[in-house]
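One structure below.
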Amino acid sequence: MNVVWIIVSCIVCFGVCSDGLSGNGTSRPAVVNVGAIFTFDSTIGRAAKIAIQEAVKDVNSNSSVLQGIKLVVQLQNSNCSGFLGMVRALKFMETDVVAVIGPQSSVVAHTISHVANELQVPFLSFAATDPTLSSLQFPYFLRTTQSDLYQMTAIAEIIEFYAWKEVIAIFIDDDYGRNGVSALDDTLATRRCRISYKAGISPGATVTRGDVMDVMVKVALMESRVIVLHAYRTLGLMVLSVAHYLGMMGDGYVWISTDWLTTVLDSSPPLPQDTMDTMQGVLVLRQHTPDSENKRAFSSRWNKLTGGLLGLNSYALHAYDTVWLVAHAINSFFNQGGTISFSNDTKLQSVEGSNLHLEAMSIFDGGPLLLKNLLESDFVGLTGQFKFSPDKSLIRPAYDIINVIGTGFRRVGYWSNYSGLSILPPETFYSRPPNRSSTNQKLYSVVWPGNNVQKPRGWVFPNNGKQLKIGVPIRVSYREFVSQSPGTNNFKGFCIDVFTAAVNLLPYAVPHKFVPYGNGHENPSYTEMVRLITTGKFDGVVGDVAIVTNRTRVVDFTQPYAASGLVVVAPFQKLNSGGWAFLRPFSAQMWGVITVFFLFVGMVVWILEHRTNDEFRGPPKQQLITILWFSLSTLFFAHRENTVSTLGRMVLIIWLFVVLIINSSYTASLTSILTVQQLYSPIKGIESLKETDEPIGYQVGSFAERYLEEIGIPKSRLVPLGSPEEYATALQRGPAKGGVAAVVDERPYVELFLSNQCKFRIVGQEFTKSGWGFAFPRDSPLAVDLSTAILTLSENGDLQRIHDKWLARSACSLDNAELESDRLHLRSFSGLFLICGIACFIALLIYFIQILRKFCRTSNAAVDSDGQNTTSRSKRLQTLLSIIDEKSDKSNRGSKRRKIDRSVSADNIENDLGRDSRWRESQVPSQNEIH
């Protein structure tokens, strides 16, 4: 309804009358009328007018395009007025134009596109870049240039490439400016960047230099030094001039301009030097058009037409291709049987008031078919391949990245939606698979404002007299880390000294003040203190703040300046060697398994040797004693019995190896027990704590409480403790007297606690890995710079000196070795026992297989001798036992040989003894001889 009233007002104001156009034309008329509306005396319009006129000449001179039909383009001047542009567009609706080239203004395009939808007349704009001119909302509006959506994406990728996080947007406050900046904001958000300040300037012609000065003064007080300028020629040049006057084009600033500035640079003859001085170091985008023979020929022709007084800009090239697009679409329209006819709009006729003559605006009946042919067009123009994507945008959007230097400019790279930032033209990548990896994103070096070749930091502390509000916890314990001077807002301690030293290393001043947080009676909640950064109460937090997951979701932390992690502190007791110390190297389970295996191996060896070895034979009592003696004597390698079977020797060798390992381990452990002071704690770490139901202490305000709850420890078991003294008291009392079994806290606190509490120790491993850092808002550049400063402190040794100043520990705190049990458990020897057991099993299996085979042969022989199978079950069992007990023939022969050897040896010994006796008797003189 609003659109209707706008139409009515325009008709009344300008006395529009009906021409009585009727709508039937021939299938191929002699003339086809097309409208064009733009501002003739604008930078874009002056070049576009010439380009459109030349394109019409080229189309009409080429008989293969329209095949005898003359294309007539009726030009209308919108005179830089959105209202007049709308009126001119409405006047075209009263004529027989089948399409309109334009409008140039995004503001006009928003309004007139409603009329285009109703009357089915396609509008083809070569300059309206507002990204909100959606093809879904305005199907009859076609953009024959690139949308600002792609231009803002290119700017966002440049900002990401240089690792800037915040920008300031200065824009003209109309549809073109607002919607362009909104697209930039959305694109930056996907890259974790943002627009920190938006400075809109009125689009009216009454804007003065003073108005711009007021806006720029506010911008100068902002933190960010990366400025994006999205405006028109007149306002944009005024902004740059004021910025130069205020010193905002100097060292440290970054200026990025949209393509309005390249349009000025391309279209105008050399600008005055004072104008060029206001834009030194600015990065500018320009719609990329591939180099081609046709483009070079048209450029030469352009110079002859204009005499060098007007340059050829990218919008003029798109205007030229737009005429050819219309010509190709009209030709396809007629080839498909389309006719130019118009019909009255019944909706307009129903409006009361006969003096309005709204029936003059008629519907183009062939609009849908012509729109279809426009969208399906595909040809190569001066701007490259001219084709629409499914979302009705031109394919392959790309931009040149220009750096203004001296009296001219140079190209430092390209951006395309296909390949991102590159130093090669985008068309070289279209034949390759897309690759947007960071290593492929490149630009040539840039000369920034202030003639600086080093990449600007992109931000400074705002020069508005405000100080950063740094939150600092008021600790009631472990004040060596952070403590407040009584009656002041001054703080001291390890964390404060680290922060001060890091700030002093920054190349700029950081005005700040410490704001205490807490009630002074108990340690505050650090998670809540960090959360207050997101509300704006604090600009940062300094203190012993652990870097944990839930905090990193809302703020950014610096590089850790102190290692931290949760550990368990528990009381311990000293173990004396005692009279039974020799039993301590092995656990009870280990002793039991060793005993069983000694007996088991003795039994296995007896079974394997019983039939072949006389030393393992005899009465049952003697054999039992032999088994026990043999198995136990192997512990000392003192067994006297020889093994003669192969299987028995194999088992014995493996068992002796096992005994060797057990002896060595036992000796080493017992030596340690008897010579080294032993410390014992029933708690071995966090896992053993979880398995009990004893109370556990934690520091008030620490994240340890939440962590312990997350790993499954009930809150009822957690006891808050506020000071080291409470730690010591609770640990000494123990669970039985209302204390705690252990305390879980961060390592820096524990190390300081143990420096003067030598009755407790860290047990188990550190079960979380984290650190302490300074917290700042998300994407804060100060966090990055302070991280670099902290690394410098660590490398030059200052961080260690600050640590030693505040946290020097006594000797007993250095003895913080984690306690582990000195006993040797079964799992340490399970492999040895497994190997030995398998060997015994295999040996027995082979042995019994041999016995069964011999039993089968004996049974068969008995059947053959008797002639019948009448042997009773008891008889067979008796036969089996006799086979097991009998001595094999091979062993009898061996035994006889050993007996013969023994008798021969005995005879030899007796003979030797006899000879020795006779020799001694011969040497003793008789009494007669003495006398």
Side-chain angles (χ1 to χ4, degrees), residues 593-635 637 639-660 830-903:
V593 172
I594 290 175
T595 302
V596 171
F597 252 84
F598 269 109
L599 298 176
F600 174 67
V601 171
M603 295 270 310
V604 170
V605 173
W606 177 83
I607 292 173
L608 298 175
E609 294 291 324
H610 176 67
R611 297 181 61 248
T612 61
N613 195 335
D614 289 337
E615 295 179 352
F616 288 88
R617 299 185 66 83
K621 180 178 179 180
Q622 180 181 349
Q623 292 185 47
L624 179 60
I625 294 173
T626 300
I627 293 173
L628 294 175
W629 168 253
F630 176 81
S631 60
L632 294 176
S633 62
T634 57
L635 178 62
F637 305 96
H639 54 286
R640 295 181 301 172
E641 292 78 10
N642 294 320
T643 54
V644 297
S645 68
T646 302
L647 296 176
R649 289 175 177 177
M650 180 189 71
V651 170
L652 183 60
I653 289 174
I654 295 177
W655 173 243
L656 291 177
F657 177 73
V658 174
V659 170
L660 175 64
S830 58
L832 295 172
F833 288 124
L834 180 63
I835 294 173
C836 186
I838 292 174
C840 293
F841 175 78
I842 294 175
L844 288 174
L845 180 64
I846 295 173
Y847 173 77
F848 285 119
I849 290 174
Q850 293 173 349
I851 293 297
L852 290 175
R853 290 178 62 187
K854 188 170 183 178
F855 172 72
C856 291
R857 288 196 300 269
T858 303
S859 299
N860 293 334
V863 171
D864 293 340
S865 63
D866 297 340
Q868 56 183 353
N869 188 9
T870 59
T871 305
S872 64
R873 181 177 299 175
S874 61
K875 184 65 175 179
R876 288 198 300 269
L877 179 60
Q878 185 178 0
T879 301
L880 176 62
L881 293 177
S882 65
I883 292 173
I884 294 175
D885 188 61
E886 74 177 353
K887 192 172 184 179
S888 64
D889 295 338
K890 181 178 179 181
S891 64
N892 290 338
R893 291 195 296 271
S895 177
K896 290 178 181 179
R897 284 198 298 270
R898 286 194 295 275
K899 289 179 180 179
I900 293 171
D901 291 341
R902 292 194 193 100
S903 63

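Annotation: the span from Leu852 atom CG to Tyr847 atom OH amounts to 10.5 Å, rounded to 0.5 Å. We find the CD1-SG distance between Ile851 and Cys856 to be 11.5 Å, quoted to the nearest 0.5 Å. One distance of note links SG of Cys840 with CD1 of Ile835; it measures 12.0 Å at 0.5 Å rounding. Rounding to the nearest 0.5 angstrom, the gap separating the CG atom in Leu652 from the CZ atom in Phe657 is 14.0 Å. How far CG of Leu647 is from CD1 of Ile607: 12.0 Å, rounded to the nearest 0.5 Å.
Residues that satisfy the side chain to side chain contact (heavy atoms under 4.5 Å, CB included) test with Ile838, not counting sequence neighbours, are Leu834, Ile842. Scored by the side chain to side chain contact (heavy atoms under 4.5 Å, CB included) test, Arg649 finds Thr643 as partners (sequence neighbours excluded).
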Just list the side-chain donor-acceptor pairs under 3.5 Å for residues 593-606, sequence neighbours left out, or say none.
| residue | atom | partner | partner atom | Å |
| --- | --- | --- | --- | --- |
| Thr595 | OG1 | Trp591 | O | 3.0 |
| Trp606 | NE1 | Phe616 | O | 3.3 |
| Trp606 | NE1 | Gln623 | OE1 | 2.9 |

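The shortest non-hydrogen separation linking Met650 to Ala839 is CE-O, 3.9 Å.
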